[in-house]
Protein chains: 2
Amino acid sequence: MSHTLGVRQAQKQKTRRALLDAALALLEEQSLSSLGLREVTRAVGVAPTAFYRHFRSTADLGVALVEEALGSLHPMIRTTVSGADDSDERIVRAVELIGRHVDAYPAHVRFIARERHGGVQPVREAIREQLARFASEVKDELAKDRQAAGWSEDDLLMLAHLYVDQMLITASLFLEALDAPERARVTHMATRQLRLISLGRRHWPAG
Amino acid sequence: MSHTLGVRQAQKQKTRRALLDAALALLEEQSLSSLGLREVTRAVGVAPTAFYRHFRSTADLGVALVEEALGSLHPMIRTTVSGADDSDERIVRAVELIGRHVDAYPAHVRFIARERHGGVQPVREAIREQLARFASEVKDELAKDRQAAGWSEDDLLMLAHLYVDQMLITASLFLEALDAPERARVTHMATRQLRLISLGRRHWPAG
DNA sequence: CCATGCAGTTAACAACTGTTCTCCGGAATT
DNA sequence: AATTCCGGAGAACAGTTGTTAACTGCATGG
């Protein structure tokens, strides 16, 4: 199926990757709305005009980054929530998984947290859309649980959003936590917050 | 006590206000890291160099905006959480209060949501600090409740952070909700999320 | 009333921005 | 083997940016 694409398109995707990576690196210390086209091309080492061969604007590049940063997250979400029991060890594992993801893709996490409410409308929209998809997936997984008997679709979705938002908050806290003790504090708090939510879930007046 | 300050300082504070207001207006469609000094002065109608009489940089102006946007929120928080019972009508009133605040100061709310994870470090720090103060205040109010018997300081603080973050999320959702039906949906969801958290709070294994 | 202080102005600086047009070299197609 | 296609380079454009210096006019305190 995957035909070894020619030298031509291979090179194109190579510089495209370089542009995305350079942008992601530059965005650690600024927001997308201040990211210059020339700034990115300079970091890569190509002419400013080469940028247009790949993206219409920096906002367009931003949308591509959203797909990249959140698209790869779906499987993780699914495996985290699925299985459906909300035991303590499960919660501990979920927080660990978030921490691990932040370690693996810190720039992606920072980008999403920053641009979710950022100054570039199309990017905000793209993030909102992807997070809504996440919430919907989480909802579907929650529905499989026997604990969800009697829950309305609406209630499941509101719980799913609560989980997704909580996940993002925790990820952002991990990002700011530099030393080990601070990380431990974040882990501790996030774990108990999830535990409290699960407790509320168990006692939710359903049916 | 408040001596009617001279014509001199009155004019100064007047243009300072104008600069802050203009910046806040401009920040509805971009983030602070892309806000230009000249852009602000042009909107006000003063020379670019006049900016330096009031702020060292746009980052400095941003910090001032944080104080303004969050400083006025403390009384609201206090009256919302105090009283300590977490009845349903109390939750409903809290969500209403948030909605009202968003209506009254939409630009402030947008600014905080945007710059909390934004690209300007001093501003992020200022917001983090103020939100930590909020959480601490909420914690103190929660501690007064008879429901908090047996709760550790740590647990109270983690619940307080949960409330504060939830408040911000809700405020941000109100901001994006333009029409009445969408506002109703946000109100409905936020109310039930708070209710679920309160439920978890009631069943928290304390002592 | 006179001298000082200071908010705001004017002018100029080098550096930077996004965008257009023209061109080049080499892979892809025929 | 000849031709088309196309990613990237190069140069130039008008417009923008932050920051500096020296200035002006007027409210202020002696």
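By convention in this document, chain letters (A, B, ...) are assigned in the order of the sequence lines, proteins followed by strands, and residues within each chain are numbered from 1. What's counted below: heavy atoms across the whole structure, side chains too, no hydrogens, waters or symmetry copies.
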Rounding to 0.5 Å, atoms CG (L19(B)) and CZ (R53(B)) come to a distance of 13.0 Å
Stems for DNA chain D (at least 3 consecutive Watson-Crick or G-U pairs, under 3.5 Å) come to C:1-12 with D:19-30, C:14-17 with D:14-17, C:19-30 with D:1-12
note: L32(A), atom CG; dG18(C), atom P; distance rounded to Å ~ 12 Å
- Task: Decide, yes or no, whether a salt bridge links E96(B) with R100(B) under the criterion of side-chain N to carboxylate O below 4.0 Å.
- Result: yes
With under 30° as parallel and over 60° as perpendicular, where do the rings of F55(B) and F51(B) fit, or are they tilted in between? tilted
Atom OH of Y52(B) and atom P of dT17(D) are separated, to the nearest Å, by 12 Å
Any ion pair linking E39(B) and R42(B) (charged N to carboxylate O, less than 4.0 Å)? no
Report task. Taking only the side-chain nitrogens and oxygens of R56(A), find out if one of them lies under 4.0 Å from OP1 or OP2 of dT19(C). Result -> no
| Is D155(B) paired with R195(A) through a side-chain N to carboxylate O contact shorter than 4.0 Å? | no
From CZ of F51(B) across to P of dT20(D) the rounded distance in Å is 14 Å
Here the distance between atom P of dC6(C) and atom CD of Q13(B), to the nearest Å, is 15 Å
Comparing L37(B) with Q9(B), nearest DNA chain D nucleotide closer to 5' gives the residue L37(B)
Between R185(A) and E182(A) (salt bridge meaning N to carboxylate O under 4.0 Å), is one present in this structure?
yes
With sugar-phosphate taken as primed atoms, P, OP1 and OP2 and all else as base, the protein-contact string of nucleotides 2-15 of chain D at under 4.0 Å (heavy atoms; B, S, -) is ---BBBBBBBB---
Interatomic distance, NE2@H117(B) vs CG@L168(A), rounded to 0.5 Å, equals 8.0 Å
The residue among V138(B), D140(B), D145(B) that forms side chain to side chain contact (heavy atoms under 4.5 Å, CB included) with L142(B) is V138(B)
Taken to the nearest whole Å, CZ/F55(B) to P/dG8(C) is 11 Å
